[in-house]
Amino acid sequence: MSETPDRKTGNMPAADAEATKRPMFDRVALIGLGLIGSSLAHVMRRERLAGHIAGATRSEATLKRAEELGLCDSYHLDAAEAVRDADLVFLNVPVGAMGKVAEHIAPALKPGAILTDVGSVKGAVIRDVAPHVPQGVHFIPGHPIAGTEQSGPDAGFPELFENRWCILVPLENTDERALARLTRFWQATGSNVETMTAEHHDLVLGITSHLPHLIAYNIVLTAADLEEVTESEVIKYSAGGFRDFTRLAASDPVMWRDVFLNNREAVLELLGRFMEDLHVLQRAIRWGDGEKLYELFKRSRRIRREIIEAGQDTPAPGFGRR
Ligand code: NAP
């Protein structure tokens, strides 16, 4: 294979050009290597987005596992060490831990670096992180709308962000060039990128993610506490619908505790609306109003079709289960 550029065009032969392509960022620090952190590490390797990936976790056990999996180029128990000289820093820890981590790494952040996060709530993360961000560091909060019910460094995979949306939340005075660089990064992971305010994000995610998880946790607990139905029956007959809630209700308890503690207002407002609508259904059942039930169910079926048309779920029956 030739290593010299083509004399006429000056271009490298395709394979060599690929090999010498400069990574998008020289050094990227991943603080937290759970589902999201490890998925970022995988996709950065596949797309050559970082010259060096520095990973940091809180516990030795997670760090050791990340090393066994070969997720990063260097491994740190001190997050401040990982962010030193990094051009891009990701905070991939539970929402309630963001402020403390930001405070700890702040003195080590490089001027000109981009600091971002992947937290599921944005208002509270901005409240907790922004006061620690040094002058000259570009803080751009973010949230990839992609996930599974798994957690930890083994859970990650490079396709997690493909064809999903990543929401970026530019702040007042956000540097346009830094925003464009972070947008390109997410696009290179396969994501579509949209920007919005923190308030709007927290309301939209409140209805599309937080409330569904709350309902799922609740229905699983209600079923578990039903005295007339044994637990083994709940499991045995779960294909009737119950099991679809259990996927959401199996999500990480720390992550979700933090989401509800930190998106309190939006979730309480949506929960109020939800309960009003539930009463409408309750009333229709009590009064035998079949027409009402039929109309309401027809409307919700259409929303499922629209999700499939938007490429956000599989059209296969039973969510593609065999
Ligand atoms: P995860 O798999 O549970 O991993 C969490 C990581 O954070 C681990 O590396 C853990 O380190 C570290 N960590 C936990 N508590 C910490 C603390 N108090 N201080 C410092 N580090 C701590 O979580 P994840 O699913 O990747 O979620 C990470 C973030 O992404 C969360 O903010 C979540 O809201 C957001 N998010 C999640 C999803 C999803 O579906 N899971 C989707 C989008 C965004 P140790 O293992 O060493 O304790």
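Just so you know, these numbers come straight off a predicted model, no measurement behind them. As the structure lists them, so they are numbered: ligands from 1, and atoms in each ligand from 1.
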Would you say [X] has any N or O atom under 3.5 Å from an N or O of ligand 1, going by distance alone?
X      : value
His143 : no
Gly152 : yes
Thr62  : yes
Met98  : no
Met255 : no

Sidechain-backbone polar pair: [X] side chain, [Y] backbone, donor-acceptor under 3.5 Å:
X      : Y      : value
Ser38  : Gly156 : yes
Lys122 : Glu199 : no
Arg27  : Arg84  : yes

How far is [atom] from its nearest protein heavy atom, and which residue and atom name does that atom have?
atom                    : value
atom 4 (O) of ligand 1  : Gly34 CA, 3.2 Å
atom 17 (C) of ligand 1 : Ala97 CB, 3.5 Å
atom 44 (C) of ligand 1 : Val118 O, 3.1 Å
atom 6 (C) of ligand 1  : Asn92 O, 3.7 Å
atom 23 (O) of ligand 1 : Leu35 N, 4.4 Å
atom 22 (C) of ligand 1 : Arg58 NE, 3.8 Å

### Task
Might you work through the salt bridge (charged side-chain N to carboxylate O under 4.0 Å, His left out) test for Glu295 and Arg299, ending with a clear yes or no?
CA-CA 6 Å; Glu295 279 312 312; Arg299 233 176 95 201; over 6 Å; no

Minimum distance, heavy atoms only, to [atom]: which one of [options] is it?
atom                    : options                       : result
atom 42 (C) of ligand 1 : Gly147, Ala146, Ser209        : Ala146
atom 31 (C) of ligand 1 : Val254, Val125, Ile36, Val93  : Val93
atom 8 (C) of ligand 1  : Thr57, Leu30, Leu33           : Leu33
atom 34 (O) of ligand 1 : Ser120, Ala155, Ser38, Pro144 : Ser120

### Query
Going by the atom numbers of ligand 1, which of them fall below 4.0 Å from some non-hydrogen atom of Gly119?
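So the answer, numbered in order with elements, is 32 (O).
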
### Query
If you count the atoms of ligand 1 from 1 in the order shown, which ones are under 4.0 Å from a heavy atom of Gly32?
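The list of qualifying atoms is 9 (O).
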
### Task
Check the pair His104, Asp78 against side chain to side chain donor-acceptor pair (under 3.5 Å), reporting the backbone distance first and the verdict last.
CA-CA 9 Å; His104 178 69; Asp78 183 353; 2.7 Å; yes

### Message
Once salt bridge (charged side-chain N to carboxylate O under 4.0 Å, His left out) is applied, what residue pairs with a partner in residues 302-313 remain, sequence neighbours excluded?
### Response
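Salt bridge (charged side-chain N to carboxylate O under 4.0 Å, His left out) check on residues 302-313 returns Arg302-Glu306, Arg304-Asp313.
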
#### Entry: Audit row: Phe185, Phe161, ring-ring contact (aromatic ring centres under 6.0 Å, His included) steps and yes/no
CA-CA 12 Å; Phe185 176 95; Phe161 308 110; 8.7 Å; no

Membership question, hydrophobic clusters at under 4.5 Å side-chain separation (ILVMFWY): are [Y] and [X] in the same one?
X      : Y      : value
Leu205 : Val93  : yes
Ile145 : Leu270 : yes
Leu91  : Leu30  : no
Phe157 : Leu71  : no

### Task
Tell me, please, which residues at least two apart from Asp202 pass salt bridge (Lys or Arg N to Asp or Glu O under 4.0 Å).
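If we apply the salt bridge (Lys or Arg N to Asp or Glu O under 4.0 Å) test to Asp202, skipping adjacent residues, there are no hits.
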
Does only the side chain of [X] get under 4.0 Å from ligand 1, or the backbone, or both, or neither? Count heavy atoms.
X      : value
Pro94  : both
Ser151 : both
Thr148 : backbone
Gln150 : neither

### Message
Would you say that Arg164 contacts Thr189 through its side chain, given a criterion of any heavy-atom pair below 4.5 Å between the two side chains?
### Response
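No, too far: nothing below the 4.5 Å cut-off.
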
